[in-house]
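What follows is a single structure, written as structure tokens, with notes after it.
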Amino acid sequence: QVQLVESGGGLVQAGGSLKLSCAASGRTFSRSTMGWFRQAPGKERAFVASINWSGNNIDSADSVKGRFTISRDNARNTVYLQMNSLKPEDTGIYYCAAKDTLFGSRTFNNPSIYDYWGQGTQVTVSS
């Protein structure tokens with residue numbers, strides 16, 4: 001069983017930055033692919049970024065490329081999402097997710113593949 005707890009959300013003006021953290025419990029974090037997703041009001045959950053267990057394979061949505069960076073610290077059981085140049089359309093609840101891949105190299109942009117989810121953290125970007 002894996003528990004994920006997100007933090008770092010808040011209210012920020014357009015053009016600002018936030019850094020989200022996702023702390024994981026359990027012994028499978030270091031061998032898992034991790035993902036960040038977001039959900040705006042009235043919309044489906046959307047892929048933001050994913051990182052494999054070692055951090056050498058990363059994928060991100062076109063809408064955040066060049067602005068958001070996913071990273072991880074396996075010693076701290078934590079995955080991060082650095083968000084720069086934020087836009088009002090980045091507003092939503094941000095969720096982290098985990099998929100135990102047994103040290104696999106793949107990243108995943110499909111939320112149905114992930115086994116564990118955090119409770120989410122709200123990010124609001126004002127114009």
Side-chain angles (χ1 to χ4, degrees):
Q1 188 75 9
V2 175
Q3 291 187 325
L4 304 173
V5 179
E6 302 96 335
S7 61
L11 173 64
V12 64
Q13 287 188 331
S17 297
L18 282 174
K19 185 173 185 177
L20 306 183
S21 299
C22 173
S25 66
R27 293 180 292 177
T28 60
F29 175 83
S30 62
R31 70 187 197 202
S32 297
T33 288
M34 302 297 295
W36 283 100
F37 292 79
R38 66 187 179 191
Q39 189 164 17
K43 295 188 176 182
E44 293 187 352
R45 197 165 295 190
F47 171 70
V48 176
S50 178
I51 186 169
N52 78 321
W53 73 274
S54 66
N56 66 0
N57 191 11
I58 290 174
D59 186 25
S60 60
D62 289 343
S63 59
V64 306
K65 276 187 169 64
R67 300 188 299 122
F68 291 11
T69 302
I70 189 171
S71 63
R72 67 189 296 160
D73 184 341
N74 287 343
R76 297 179 183 270
N77 274 19
T78 303
V79 63
Y80 305 98
L81 185 69
Q82 176 67 49
M83 306 186 294
N84 299 327
S85 302
L86 282 160
K87 305 175 181 180
E89 51 264 43
D90 294 319
T91 294
I93 301 175
Y94 282 69
Y95 300 90
C96 73
K99 172 65 178 179
D100 186 353
T101 60
L102 299 175
F103 302 108
S105 62
R106 294 187 63 186
T107 59
F108 306 103
N109 60 14
N110 184 341
S112 66
I113 290 176
Y114 290 84
D115 299 315
Y116 302 100
W117 292 84
Q119 83 291 347
T121 186
Q122 176 71 46
V123 171
T124 303
V125 185
S126 63
S127 57

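Reckoned from all heavy atoms, side chains included, excluding hydrogens, waters and symmetry mates. Model, not experiment: these values are computed from the prediction.
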Donor-acceptor contact present, side-chain K99 to main-chain S32, <3.5 Å = no
query = Can you name the closest pair of heavy atoms from G120 and I93 and give their distance?
reply = CA-CG2, 3.8 Å
query = With D90, which residues qualify under side chain to side chain donor-acceptor pair (under 3.5 Å), at least two apart?
reply = R38, R67
task = Compare all side-chain heavy atoms of D59 with those of N57 and state whether any distance is below 4.5 angstrom.
result = no
Smallest separation among heavy atoms of P111 and W117, with atom names = O-CZ2, 3.3 Å
task = Measure the shortest side-chain to side-chain distance between W36 and V64 over non-hydrogen atoms and say whether it is less than 4.5 angstrom.
result = no
ask   = Would you say S50's side chain and M34's backbone share a donor-acceptor pair under 3.5 angstrom?
value = yes
inquiry  = So does V125 get a backbone contact from the side chain of T91, meaning a donor-acceptor N/O pair under 3.5 Å?
reply    = yes
key: Min side-chain heavy-atom separation R106-T101 under 4.5 Å   = no
request  = Could you pull out the closest heavy-atom pair between L4 and C22, with the gap in Å?
outcome  = CB-SG, 3.9 Å
task = Quick one: do V12 and T124 satisfy side-chain contact (heavy atoms from CB on, under 4.5 Å)? Show the steps, please.
result = CA-CA 6 Å; V12 64; T124 303; over 6 Å; no
query = Atom CE of M83 and atom NZ of K19: how far apart are they, to the nearest 0.5 Å?
reply = 11.5 Å
query = Do L11 and L86 share a hydrophobic cluster (ILVMFWY, side-chain heavy atoms under 4.5 Å, transitive)?
reply = no
inquiry  = Holding to side chain to side chain donor-acceptor pair (under 3.5 Å), I want the full list of residues that pass it with R76, two or more places apart in sequence or in another chain.
reply    = D73
query = Within a strict 4.5 Å, meaning less than it, do heavy atoms of the F68 and N84 side chains meet?
reply = no
message = If you compare all heavy atoms of N77 against all heavy atoms of G26, which two are closest, and at what distance to 0.1 Å?
response = ND2-O, 3.4 Å
key: ILVMFWY cluster, Y116 and L20 together (side-chain gap under 4.5 Å)   = yes
inquiry  = For N56, give me all partners under side chain to side chain donor-acceptor pair (under 3.5 Å), at least two apart in sequence or on another chain.
reply    = N52, S54
task = State, to 0.1 Å, how close A14 and S127 come at their nearest heavy-atom pair, and which atoms those are.
result = CB-CA, 4.4 Å
Residue pair T107 / I58, side-chain heavy-atom distance below 4.5 Å = no
message = Is it the case that the side chain of E6 and the backbone of Q119 share a donor-acceptor pair, with hydrogens and angles ignored and the cut-off at 3.5 Å?
response = yes
task = Check the hydrophobic clustering (I, L, V, M, F, W, Y; side-chain heavy atoms under 4.5 Å; chains of links allowed) and say if F108 and V2 are grouped together.
result = no
Residues that, via side-chain heavy atoms closer than 4.5 angstrom, fall in one hydrophobic cluster with Y80 = none
Any donor-acceptor pair under 3.5 Å from W53 side chain to F103 backbone = yes
message = Show the nearest heavy-atom pair for residues T78 and S21, with the distance to one decimal.
response = CG2-CB, 4.2 Å
query = Do R72 side-chain atoms and T33 backbone N/O form a donor-acceptor pair below 3.5 Å?
reply = no
inquiry  = Can you list everything that forms a ring-ring contact (aromatic ring centres under 6.0 Å, His included) with Y114? Sequence neighbours excluded, please.
reply    = F37
request  = Check for a donor-acceptor pair, side chain of D115 on one end and backbone N or O of A98 on the other, with a separation under 3.5 Å.
outcome  = no
task = Consider only side-chain heavy atoms of I, L, V, M, F, W and Y, link residues closer than 4.5 Å, and tell whether Y95 and F29 are in one cluster.
result = no
request  = Go through the structure and list residues passing side chain to side chain donor-acceptor pair (under 3.5 Å) with E89, not counting sequence neighbours.
outcome  = none
message = If I take atom OG1 from residue T28 and atom CZ from residue R31, how far apart are they, to the nearest 0.5 angstrom?
response = 5.5 Å
